[in-house]
Amino acid sequence: MSALETIRSDLSGTTGTRFTVVLGDITRLSVDAIVNAANSSLLGGGGVDGAIHRAAGPDLVAECRMLKGCKIGQAKITKGYRLPARHVIHTVGPLWNGGANGEDELLAGCYSNSLGLAREHGLRTIAFPAISTGIYRFPATPAAGIATRIAVAESADGAFGEIIFCCFGDEMAGLYDRLLPEALAGA
Ligand code: AR6
């Protein structure tokens, strides 16, 4: 991690998983996998997706093309290419449409399926952006609540060494700083 990425919270779960809130750019993190907030084509876009593809280089989209897309709430894995992260787990968040269209369950699926894939591949350090909270307009507070609760629940088997919530702004980092201890207390 460079000086540009600041660690905000650093807490441990009951099974020894470290949970950290980091303020900065996810493309700079040296972890086993970063998670991409992609769209169902998996062929790139704006926001964090655009940043990840730019930093990884053109081999990433070439591998993504072979995956034939991804459904909302599901996840697929590729190599990290020029990124410091070894892998990218691509997941597709729901577009916020009022909240009564299964958005919570679909977002929860993004976190549980991404971590399920990481577990299957033996990946122990995973960094997430705040999926769906940008272009897809999912409200930040419930989104961060889902992210932290699912990550804590999925780490109960001790499969993960560290789960990072990488926040792009101070406000989002503050939200995770507040919600992460609550999720750990509820575990
Ligand atoms: N590092 C960490 N977080 C980031 C970065 C970064 N480099 N850049 C943005 N964020 P968004 P979505 C934060 O819009 O809402 C794409 O076009 C950002 O501040 O990237 O899931 C896809 O192709 C926000 O908190 O993703 C889809 O079409 C969070 O990442 C669509 O956007 C997610 O914002 C997906 O929309």
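Counting convention: from 1, in listed order, for ligands and their atoms alike.
Protein heavy atom nearest atom 4 (C) of ligand 1, with residue, atom name and distance: Phe168 CG, 3.5 Å. Given atom 21 (O) of ligand 1, the protein heavy atom at minimum distance is Ser132 N, 2.8 Å. From the protein, the heavy atom lying nearest to atom 1 (N) of ligand 1 is Ile26 N, 3.0 Å. The nearest heavy-atom contact from the protein to atom 15 (O) of ligand 1 is Gly134 N, 2.8 Å. Regarding atom 33 (C) of ligand 1, its nearest protein heavy-atom neighbour is Ala130 O, 3.3 Å. Protein heavy atom closest to atom 14 (O) of ligand 1, with residue, atom name and distance, is Ile135 N, 2.8 Å. At the top of the distance list for atom 26 (O) of ligand 1, counting protein heavy atoms only, stands Ala37 CB, 3.8 Å.
Ring-plane geometry between Phe19 and Phe165 is classed as parallel, the angle between the planes falling under 30 degrees on a 0 to 90 degree scale with a further cut at 60.
Looking at Ala51 next to ligand 1, no N or O pair under 3.5 Å apart turns up. The shortest N or O to N or O distance between Thr133 and ligand 1 is under 3.5 Å. Of the N or O atoms in Ala38, none lie within a sub-3.5 Å distance of an N or O in ligand 1. On a distance-only criterion, Thr27 and ligand 1 share no N/O pair closer than 3.5 Å. On a distance-only criterion, Pro129 and ligand 1 share no N/O pair closer than 3.5 Å.
Side-chain atoms of Thr148 and Glu182 form no donor-acceptor pair, as typed in the model, at a separation below 3.5 Å.
Although no hydrogens or angles enter the test, the distance criterion places a donor-acceptor pair under 3.5 Å between the side chain of Lys76 and the main chain of Gly69. Without hydrogens or angle criteria, Thr91 side chain to Ser114 main chain gives no donor-acceptor distance under 3.5 Å.
Thr17 has its side chain out of reach of Ser12: every pair of non-hydrogen atoms, C-beta onward, lies at least 4.5 Å apart. At a threshold of 4.5 Å between non-hydrogen side-chain atoms, the residues Leu11 and Pro181 count as touching. Counting heavy atoms from C-beta outward, Leu95 and Arg137 have side chains that approach closer than 4.5 Å.
Note on ligand 1: Ser41 sits outside its first shell, no heavy atom being nearer than 4.0 Å. Using a non-hydrogen distance threshold of 4.0 Å, Gly93 does not register as a contact of ligand 1.
Ligand-side atoms of ligand 1 in range of Gly24: 1 (N), 2 (C), range being under 4.0 angstrom from any heavy atom. Close approach of ligand 1 to Asp49 (heavy-atom distance below 4.0 Å) involves ligand atoms 22 (C), 23 (O). Within ligand 1, counting atoms from 1 as listed, the ones closer than 4.0 Å to a heavy atom of Gly46 are 16 (C), 17 (O). Residue-ligand proximity, Asp25 to ligand 1, at heavy-atom distances under 4.0 Å covers atoms 1 (N), 6 (C), 7 (N).
For the pair Ser112 and Ile150, the tightest heavy-atom approach, listed with the atom from each and the gap, is N-CG2, 3.6 Å. Ile126 and Ala118 make their closest contact through CD1-CB, 3.5 Å (heavy atoms, listed as atom of the first residue, atom of the second, distance).
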Exercise answer: donor-acceptor pairs, residues 167-179 side-chain atoms, under 3.5 Å, sequence neighbours excluded:
unit_1	atom_1	unit_2	atom_2	d
Asp170	OD1	Arg8	NH1	2.9
Asp177	OD1	Ser9	OG	2.5
Asp177	OD2	Arg8	NE	3.0
Asp177	OD2	Arg8	NH2	2.7

Which pairs of donor and acceptor atoms, one on a side chain in residues 33-51, lie under 3.5 Å apart (sequence neighbours left out)?
unit_1	atom_1	unit_2	atom_2	d
Asn36	ND2	Asp49	OD1	2.7
Asn36	ND2	His90	ND1	3.3
Asn39	OD1	Ser41	N	3.0
Asn39	OD1	Ser41	OG	2.6
Asn39	ND2	Gly44	O	3.1
Ser41	OG	Leu43	N	3.0
Asp49	OD2	Gly45	N	3.3

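Which of Asn36, Val48, Thr91, Ile52 comes nearest to atom 30 (O) of ligand 1 through a heavy atom is settled by distance: it is Val48.
Electrostatic pairing of Asp157 and Arg119 counts as a salt bridge here, judged by a charged N lying under 4.0 Å from a carboxylate O.
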